[in-house]
Amino acid sequence: MDCLSPKDSNKFSILSKTFNSSWLTYPVLHFDNILFPIQDLHAFNAFVHRYFQHRAPHIVRCLRKLRFCYKVQLPSDFCDFHFCDFQPLVTELLYFASHNNCKVVDFEVDVITLFLSIPYNALHPMLSSEFITTLKLSGFTLLIPDPVIKCPALKLLSITFCTGFQTLHVVSPSLVEVEIIRCQELKSVIVESDEIECFKFVGVQSSTINAIQPCDISIKLVANQCLKSMYLENVIVSETLLVVATKILHVLRSNLPKNMKIYNPNVEILQLENYGVMENLVVCAPNVECFEYSQGFWGRSCAIDISTCVCLTLLALEGAIITDGWVKSLVSALACLEELKIIKCDMLEKIEFKNARLETLVVEGCSKLKAAMVDAPNLLHFTYSGSIDIYPLLILSTKCNANIKLKHYSPHSVPDDWFPRLSRFLSCFDHFNVITISCVSTSALIFPRELVLTNMVSPLHDVKHVIVKVGEILMGRAVPSLVESLLWLTPKPDILTLESSVTGKKNTIKFQYQWNGRKMDEEEDNCCFELLIKCWRHYDLNIEYEGFDDNNGGDQLREFFASYL
């Protein structure tokens, strides 16, 4: 029976007397309107009641798990729910669980804004049960003003989308995991446990913009005890809460004080999202390996001091106040750093540092950035999104691939000076192995022929694989025009890949080159005049097409190459 779903075990029960006996005495009751898709709510209520009355006498004093789940699937279901009262049934199920040594109790009701009340007499025995190991309640009004949960065997507690109580006090020596999510009216949480490892709390946002309902959180640990993870969201955070010993700490969409200092020698992963008034952040966490900071929609810009975090392998900053000197001194000193993300840091004008271990670098949306010089011999991935006027953009790595995201322009609004600026910008990536260029329209990449003729030197002479991702359907004459432009950007590629985010299709052109002395001496429109490295036109070509057909410019593309062969 453990290997079967509740629905299948119900079906198997009619096969034989042995199956029926096993099903009747199986110590698990599972009622779920998703697993038993009965459209009529009254019929589902009657089904659960009938099913329970049939099974209950056979599992007295040995119930292992009881799950009841009801979720509104259609708006019409919500209208009908007002006329279908589950409260007597839920009360009866809870009574049965508390009086029959149930270990796992999982009750979930999702009816949009309506909360189902649980009477005091039905819930109170559950909060002090000696047998229960898992307690999950979701979508209920708990008619106990200040519940105190004292279950000595409890390991997992989850209370989500519940109301009716203002304080929650949990005392359980064996408690391992606590989850409290969006419980209205809750103002205080106290957790006492010798074994707790994971704590998750998501508060409630008030109707006022960027207002969070306050809730005091206290986690009492024994000496030398350390959480594995703590997740806080929609919380008014105090420094006392952030010094709780934990290895992983996530603080998202929360109000942080103006001047915040985090001293936590245990933390290894730290993620902060500033939705409050924090302007200065000092992190004293010598063992932290991953640090991510982001400025929330309502948050202020924040100055950050992480000089003591010498073991960082990942550093991600979004909307932080950092200077050119800050980046140069700090990043160069992080000997273990493998991944660096700098996003929307608008005070930066120049990125310059040396780091021998860095493998991934992301720079996006830094509006004042004018130049970048990065000496990172082991850099493998570089992502850039922002102005193409940044120059020089020097990345010293011989094994790096680039991902470039170009600014959005409609087909008829590309500026006149766009293509000369783009050509100079792309020339900074000439030594890269693979370049991915993302843009909304192909018009941003189809260079005018007069510009190509006046600029003989291609910006990406040594690049062997170019991937172009566009936000439109690739078809018709636009395909050979785009390919011709790409073959000027990178005159002797091994692979050209075209991807459309609209259709999800990936089309590939593969080139194999054979020496042709006669073509080497010819000058096709003076394309490679006095250049030592000749373009694709001066070779005998073997071209393979993958993914092209009549609907996405395949015929036009073959005609284009046939005119040169």
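No hydrogens, no waters, no symmetry mates; every other heavy atom, side chains included, goes into these values. All figures in this text were calculated on a predicted structure; none of them were measured in a lab.
- When atom types are taken as modelled, the side chain of E273 and the backbone of S294 share no donor-acceptor pair closer than 3.5 angstrom.
- Checked for salt-bridge contact, E338 and R357 meet the test: a charged N lies under 4.0 Å from a carboxylate O.
- Environment of CD in Q53: crowded, with over 12 heavy atoms of neighbouring residues, nucleotides or ligands closer than 6.0 Å.
- Side chains of E195 and S174: no donor on one and acceptor on the other come within 3.5 Å.
- Ion pairing of E364 with K341 is absent here, as no side-chain N (NZ or NE/NH1/NH2) approaches a carboxylate O to less than 4.0 Å.
- In this structure, Y231 and H250 have tilted ring planes: the angle between them lies in the 30° to 60° band.
- With salt bridges taken as basic N to acidic carboxylate O contacts below 4.0 Å, none links D110 and K71.
- For D346 and S367, the side-chain atoms include at least one donor-acceptor pair closer than 3.5 Å.
- Relative orientation of the F68 and F44 rings is tilted, given thresholds of 30° and 60° on the angle between their planes.
- Proximity of a side-chain donor or acceptor of R55 to a complementary backbone N or O of Y26 within less than 3.5 Å is detected.
- Among the candidates K65, R67, R64, the single residue satisfying the salt bridge (Lys or Arg N to Asp or Glu O under 4.0 Å) test with D106 is R67.
- Looking at S501, its side chain does come within 3.5 Å of a backbone N or O of V470 through a donor-acceptor pair.
- Side-chain atoms of R61 come within 3.5 Å of backbone atoms of H99 as a donor-acceptor pair (strictly under, hydrogens ignored).
- No side-chain heavy atom of S172 sits under 4.5 Å from any side-chain heavy atom of S193.
- With hydrogens and angles left out, the side-chain atoms of T167 and S188 include no donor and acceptor closer than 3.5 Å.
- Side chains of E179 and S158: a donor-acceptor N/O pair is present below 3.5 angstrom, by distance only.
- Residues V90 and F140 are in side-chain contact: their nearest non-hydrogen atoms beyond the backbone lie under 4.5 Å apart.
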